[in-house]
Protein chains: 2
Amino acid sequence: MAETVTIQGDLELLARTAHLFSSVREEFVCAARDLDTWPHHGARQAARDRVRHSGAPRIRKLYSPAALADEHSREHLSQLVDRGGQVRIADAALPHETIIIDRRYAILAGASAPGGREYTVTGAPTLVGGVHALFEAAWEAATNLGDFLRAERPQLDAGSRTVLRALGSGVTDATAARELGMSLRTYRRRVAELLDTLDAESRFQAGVRAGELGLNR
Amino acid sequence: MAETVTIQGDLELLARTAHLFSSVREEFVCAARDLDTWPHHGARQAARDRVRHSGAPRIRKLYSPAALADEHSREHLSQLVDRGGQVRIADAALPHETIIIDRRYAILAGASAPGGREYTVTGAPTLVGGVHALFEAAWEAATNLGDFLRAERPQLDAGSRTVLRALGSGVTDATAARELGMSLRTYRRRVAELLDTLDAESRFQAGVRAGELGLNR
DNA sequence: TCCCCGATGGCAGCAAGCTGCCAGGGGCTC
DNA sequence: GAGCCCCTGGCAGCTTGCTGCCATCGGGGA
């Protein structure tokens, strides 16, 4: 392969770079806006297989917050982490998707063209090095997936947390109000406010949200 | 250091092995019953620092299900995973805690003795190799932390899941029953059964459980 | 001081949720 | 078919949750 080539369309990209994806030895680095960006299903399988064995490459993926939009993506990302990959979320939008393999090859996505999207694949050391340095900078600035998800939970004041715990303990409103030293009316006001901030229409729904967000602690 | 030494007590272990923990280059392997077993706080910090940089050692930790007993430990483990460590849960009890560093040194915990717990530290290749092989076998047989947690969720039949979704959608019982094509009475029976299997005393509590267990899908 | 404002709590009425009881109804075995 | 069992649904009565309304209270600010 020439040091730098331009490729049109996903299919050709797959055909021309499949051997690169399956040759990953040490590091597979990927930056993208969301999970739908790269169509490299074969590569995913190869990467998965490799992680299972010792001497696995280090896998790092950097996404925009957009990658967390739907539940399905979240599930996928957490599975990625389970398999030993590292996932971080950047503040930036990451419009130009990038893959770097073993610091030897870089694949950069460009604009859409009539014949499909345009990609640049290069093995030129200076180019790859530069791209890698940029990635490192973005990587360092980004936050861990787990931390990001934890930070995402709405910040509740101490009062709301108390009410939350009372609700979670399963007691009736009367008991909870007594334990918290407030009237039934006020307690129910707090509950109603909590449902409002959690955007829930029923107590059950609020419980689900609280459980998902790990607020019940 | 002699090839194999026996050490009494946690303090001496720390003193004699601190340099080993900070010398980890490629792989840090640990098997233990739970998180309280090893007192190596310094090592944790060292490992943490290393993971932040490239060329990080591969960290693998194998625990018994007992390590998941309390919420605090779960939190700690998931943070470990966030930082790029791999955590698996074994079916076995793992009574003999083991640490292997770079396949060069092994630390094995033994029985409690009057002068503190007894530890064996060795750098003998055959010994370390043997221990490592045993660890690999146990590791392969164990399941990923994430998978384990997912499998832990109680299995609900299709009907219960439907009810769960209805509850999660936030509609009233009357609406839900109509949508599910059953009477109000039966729907409420289903809800009551669900609360029972989730061991919840209120709908909110059931919601929390469902959210925690990721059942709301 | 007076007024305003926000938070609280009591009350009342309604809506929603919970459950015991009993009456079908369908499938099963004998 | 008879008896049995389990599931369902209606009814009723009760508890719990929800909220509008109003009175009260305490802390600023004009």
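Any value given below was found using the heavy atoms of this structure, including those in side chains, with hydrogens, waters and symmetry copies removed. Below, read A as the first sequence line, B as the second, and so on, with proteins coming before strands; counting in each chain starts at 1.
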Whole Å only: how far is the [atom1] atom of [X] from the [atom2] atom of [N]?
{"X": "A:L194", "N": "D:dC18", "atom1": "CG", "atom2": "P", "answer": "11 Å"}
{"X": "B:E201", "N": "D:dT15", "atom1": "CD", "atom2": "P", "answer": "18 Å"}
{"X": "A:Q205", "N": "D:dC18", "atom1": "CD", "atom2": "P", "answer": "13 Å"}

CG of A:L80 to OH of A:Y63: how many Å apart, nearest 0.5 Å?
6.5 Å
In B/S/- notation (B base, S sugar-phosphate only, - none; protein heavy atoms under 4.0 Å), nucleotides 14-23 of chain C written 5' to 3' is --SBBBBB--
What's the shortest heavy-atom distance between A:A206 and A:L198, and which atoms?
O-CD1, 3.8 Å
Verdict with reasoning, A:R60 to A:E27, per salt bridge (Lys or Arg N to Asp or Glu O under 4.0 Å)
CA-CA 8 Å; A:R60 291 188 288 168; A:E27 191 187 52; 2.5 Å; yes
Looking at A:D173 and A:R203, is there a salt bridge between them, counting it only when a charged N and a carboxylate O are closer than 4.0 Å?
yes
State plainly whether the residues A:E97 and A:R117 are in salt-bridge range, i.e. N to O under 4.0 Å.
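Looking at A:R117 together with A:E97, the answer is yes, because their closest N to O distance falls below 4.0 Å.
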